[in-house]
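Just below is one structure, and these are the notes that go with it.
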Amino acid sequence: MVNDEGQLYTIEGVAAGMIMLFTTYLVLGATSVYTPGDTHISDMQLEQIGTDALVMMNTPVNGTVKSNLTEIVETSRINATAADETFNTTFLKYVNERTGSESDNLHYMADVTYRSDLTDNSITSYQLACTHNRIMNAGDHPVRVTEWVIADKQFPGSVNHPRAVLVEVLLWRD
Amino acid sequence: MTDDAGNLSLDFLAGFTIFMVALIYVATLIPGLLIGLESKSIDYDAVAYRTGVILAEDPGMPYNPAWETYSDADKDKALRFGLALSKSTPNVLSAEKINRFFNTTTYNYPDDYHSRAVFGDYPYQFNISLKIDGGENYTLGDTLPDGYGYSRRLVKIKKESTASIDGSQIASYPEFWSHEPNAGNKTAGDPGPTNHSFSVYFNYTGLTTEGPLYNNPAYQIEPIAPLYEGATINLTNLNQTTRYGSGDTIIGDPNINITLTGITITQSVLSPYLHTRSSFATVPVTLDDHLYNVYIDGNATPLNSSASHSVINNVSLVIPHGSVTSGLNFLGGNDPSTYLNVTLLFTLDHGDCFLNSSQATAKDESGAFEYNYTSPFITQPSLKDGVLEVAVW
Amino acid sequence: MARLNEDAQWIVLMGFVVSFSFFFLAMILNQSTVVGQTTAESVVEFPKNDIRDVRNIIINSSYITDNNKFAVIQQDITTLSLSRKGAVVSYSVTHPTGLDTYTHITIHYNNGVTEYNENWTSS
């Protein structure tokens with residue numbers, strides 16, 4: 001019947017089995033380690049580039065003129081197409097330019113958000129510009145960057161100007 | 001007889017359970033051990049971002065006196081590199097700092113840059129490049145490998161102010177004729193004197209307090225510490241500056257011979273140096289290339305002798321950036337209440353009315369063109385676009 | 001009473017010490033993989049550009065001397081900041097008077113995680 005002979009062989013067998021299983025687990029585990037939050041680094045870089053581009057557009061070239069972005073927002077109240085063209089050319093140039101010869105491949109969608117009713121503080125936005133022939137689809141992972149602008153033009157809902165508005169840009173890499 | 005009941009004692013079970021839980025937990029950590037062997041590469045993007053911020057948004061240390069003004073012998077006094085104009089103007093870079101930073105004959109790659117811009121215990125390799133729109137490209141470091149950490153910043157570079165005074169423009173000052181003594185008889189087309197002085201003057205107090213946009217350093221003309229910016233003064237079309245013809249027409253005289261006989265630079269802290277026609281004397285041109293450079297008629301090399309020089313058309317006077325060592329005290333960069341007067345002395349072979357600026361209407365009738373923010377002859381400081389890339393591996 | 005068997009005490013003790021040190025090192029090295037991720041996270045989370053931007057627009061808006069227009073812009077900034085940026089921004093401007101020739105602005109910004117207060121004086 002049952003006795004305690006062969007215990008050593010049993011333990012040896014169990015240990016060998018465990019070692020084999022353990023090794024298999026190690027090998028499989030090392031190939032598929034998930035580093036959480038991997039997208040944070042590329043998001044941070046994208047956000048930095050987008051903010052820099054908007055800041056560059058909002059810096060006047062000398063002490064006496066308005067910045068490019070201010071003029072674009074003001075033009076967008078009168079001639080939306082011209083503003084779209086100017087913003088598109090300028091922003092894409094800033095955001096895709098590199099020191100080498102090849103450029104980057106970023107796309108964007110830009111809106112202007114303003115306060116449309118002075119009494120109840122409701123907010124409205126309209127589209128300022130977007131990359132031509134490239135609408136954002138579900139697979140793109142955009143970041144959002146913003147820039148404040150004081151535009152000396154009348155906005156719907158008030159007779160006052162100048163007004164402070166927010167230019168919001170969604171930026172993604174192809 | 002052996003007992004085949006197979007019970008395990010309670011204390012054995014407790015110990016064994018704790019042991020198995022601990023073993024399983026350690027086992028799950030082991031895959032992290034294996035990939036952890038390359039963990040320094042996780043760092044590259046973070047180090048590149050940090051270096052990009054240090055270069056683009058920080059003016060460096062020491063800020064005053066500026067690290068880029070130290071000579072090569074004192075180069076180690078620069079504790080940290082930074083290219084921004086000042087703390088309050090991030091992403092606006094100074095051309096002087098850029099030139100000094102990318103000067104690899106002074107600073108050694110990689111050690112000097114590692115301890116002043118990249119930092120960290122690991123000896124990273126890096127490549128920093130700057131491209132300026134319509135200007136030069138600067139690069140520093142090794143060629144890029146296949147994988148590296150990367151940071152790109154968009155910047156603006158400050159282009160300093162210049163004064164361009166066309167000789168015939170002086171004549172367009174409406175009050176000029178009435179203030180010019182010995183101007184001759186305008187209606188008779190009478191010529192003026194043959195010895196002329198042309199003065200430009202800097203009021204440092206005005207320059208530092210009347211700048212646009214609340215004295216934003218990006219748009220300011222700032223000859224004092226720590227920026228010590230220089231100035232460029234171009235006089236053009238000197239042979240167009242001649243007398244009135246009949247009526248009010250200005251007639252040019254291409255046969256006029258103009259000789260540059262002297263340059264004086266005078267610094268005062270008490271009051272503006274008022275230059276009048278009676279107080280100048282013919283002084284030989286003394287040249288010290290630490291203080292200023294004079295270029296005649298578009299020559300690329302500055303004057304280097306003290307004799308008089310004949311001028312056909314153009315004179316350019318360039319006061320370069322001040323430095324901690326030479327030239328600084330003379331140009332008064334340490335004292336924000338300095339007045340600086342730069343006078344060029346010309347002798348003509350026959351009379352001329354309009355080159356002489358000694359009685360030109362200036363803001364405070366000081367007898368010189370003031371180098372300020374409102375003069376129509378001065379191109380104010382402006383900003384050029386640029387891209388700064390940092391790669392670390 | 002039988003004497004306890006004290007053989008192999010040292011071996012067992014050393015075994016424990018070694019295994020604990022392995023455990024500790026494995027823990028540390030395992031956590032090192034998240035270093036890069038946390039740096040990027042904290043950079044994204046800190047509103048450096050937002051604060052700079054809102055500070056710039058507040059200083060620019062202080063140029064407007066008409067009180068009605070200034071009030072409209074102030075309300076614009078406060079409302080848009082709260083609804084689109086998720087940050088409470090409040091500020092007040094003191095224009096130069098006869099005695100004090102400087103402009104003073106007090107800025108308060110709070111996005112729930114980071115708070116920023118500044119007393120700005122024109123130079």
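Just so it is clear: chains get the letters A, B, ... in the order the sequence lines come, proteins before strands, and each one is counted from 1. Heavy atoms only: backbone and side chains are in, while hydrogens, waters and symmetry mates are out.
Only the backbone of B:V155 comes within less than 4.5 Å of a heavy atom of chain A; no side-chain atom from C-beta onward does. Of the two parts of B:N216, neither the backbone nor the side chain holds a non-hydrogen atom closer than 4.5 Å to a non-hydrogen atom of chain A. Only the side chain of B:N137 comes within less than 4.5 Å of a heavy atom in chain A; its backbone stays farther off. Proximity to chain B is limited to the side chain of A:Q48, based on heavy atoms less than 4.5 angstrom apart. If you measure heavy-atom distances from B:I132 to chain A, you find no contacts under 4.5 Å at all. At a 4.5 Å heavy-atom cutoff, the contact between B:Y150 and chain A is made by backbone and side-chain atoms alike. Of the atoms belonging to A:V95, it is backbone heavy atoms, and not side-chain ones, that fall under 4.5 Å from chain B.
Put simply, the residue from B:Y113, B:Y138, B:Y109 that forms a ring-ring contact (aromatic ring centres under 6.0 Å, His included) with B:F101 is B:Y113.
Top candidate by heavy-atom pairs under 4.5 Å with chain B, chosen from A:T51, A:T64, A:T59, is A:T59. The greatest number of non-hydrogen atom pairs below 4.5 Å with chain B, out of A:A53, A:P60, A:G100, is found for A:P60. In terms of heavy-atom pairs under 4.5 Å with chain A, the best-connected choice from B:L213, B:L388, B:V92, B:D133 is B:D133.
Taking the ring axis of A:Y126 as reference, the NZ or CZ atom of A:R77 stays within 45° of it and closer than 6.0 Å to the ring centre.
The list of salt bridge (charged side-chain N to carboxylate O under 4.0 Å, His left out) pairs with a residue in residues 156-171 of chain A, not counting sequence neighbours, reads A:R144-A:E168, A:R163-C:D76, A:E168-C:R84.
Annotation for B:L55 and B:L93: closest pair O-CD2, 4.2 Å, computed over non-hydrogen atoms.
Counting heavy-atom neighbours within 6.0 Å of A:K93 NZ, excluding the residue itself, gives a total above 12.
Salt bridge B:K131/B:E389: absent, no basic N to carboxylate O contact under 4.0 Å.
Residue A:T113 holds its OG1 atom at 9.5 Å from CH2 of A:W148, rounded to the nearest 0.5 Å.
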